[in-house]
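To start, the structure itself, in structure tokens.
Every heavy atom of this structure was used, including side-chain atoms; hydrogens, water molecules and symmetry mates were not. Counting convention: from 1, in listed order, for ligands and their atoms alike. As the structure is a computational prediction, the values presented were derived from the model and not from experiment.
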Amino acid sequence: MIEDLQAHEIRDVIRINYKYTMGGQSKFFKELMNKKKLLGTKCSKCGKVWMPPRINCSDCYVPTEWIEIKHTGIIEVSTIVWFTTSAFIKNIPYAVGYIRLEGAHTAILQGIFSENLVPSKIKKGKRVRAVFQKVREGKMTDFFFVPEDEYESWINKPEYEGGR
Ligand SMILES: [Zn+2]
């Protein structure tokens, strides 16, 4: 006769420390953190400007060169976020969108904050400008975009500052 065995279980917690490398894109995050620069890359063959940067041109497969990109651009597409991870719950509702910065041929996915978040503020074609965290860690969350007409208000908040 087989004995009915109920396994004994103990609850515990595993903490994992790890490093995440940005590899060839490290320069983007270092310049963002240290100098509030937004770096893209330019293809040495076709001239396409990639933002976010790509180390090799995805059209020509040749190496690209780092170039500084302006902090202003337009919204290509956006949406308002109501459901998110624990890291961003304090910010809801907020917007995310693909922003095409001036001089870039591609768009970067980033948060868009507004003091009056209504769809008309974040629609396609609206101008936005980058605002930076005063305390930066070399992460995508070191900056976000705001409607251009709200820029002065955002950079006067204690935790944020403007770029150049
Ligand atoms: Zn190319």
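- Shown here is Lys36, whose NZ atom has more than 12 heavy atoms of other residues, nucleotides or ligands within 6.0 Å.
- Here the side chain of Lys37 pairs no donor or acceptor atom with the backbone of Glu68 at under 3.5 angstrom.
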Validation: residues 21-28 side-chain donor-acceptor distances under 3.5 Å, sequence neighbours left out:
{"residue": "Thr21", "atom": "OG1", "partner": "Gly23", "partner atom": "N", "Å": "3.0"}
{"residue": "Gln25", "atom": "NE2", "partner": "Pro53", "partner atom": "O", "Å": "2.4"}
{"residue": "Ser26", "atom": "OG", "partner": "Gly23", "partner atom": "O", "Å": "2.6"}

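- More than 12 heavy atoms of other residues, nucleotides or ligands sit less than 6.0 Å from atom CZ of Phe113.
- With hydrogens and angles ignored, the 3.5 Å screen pairs a side-chain donor or acceptor of Thr41 with a backbone N or O of Arg54.
- In this model, no donor atom of one side chain and acceptor atom of the other lie less than 3.5 Å apart for Thr106 and Tyr98.
- The set of protein atoms (N, O or S) found at less than 2.8 Å from the Zn ion (ligand 1) reads Cys43 SG, Cys46 SG, Cys57 SG, Cys60 SG, by chain and number.
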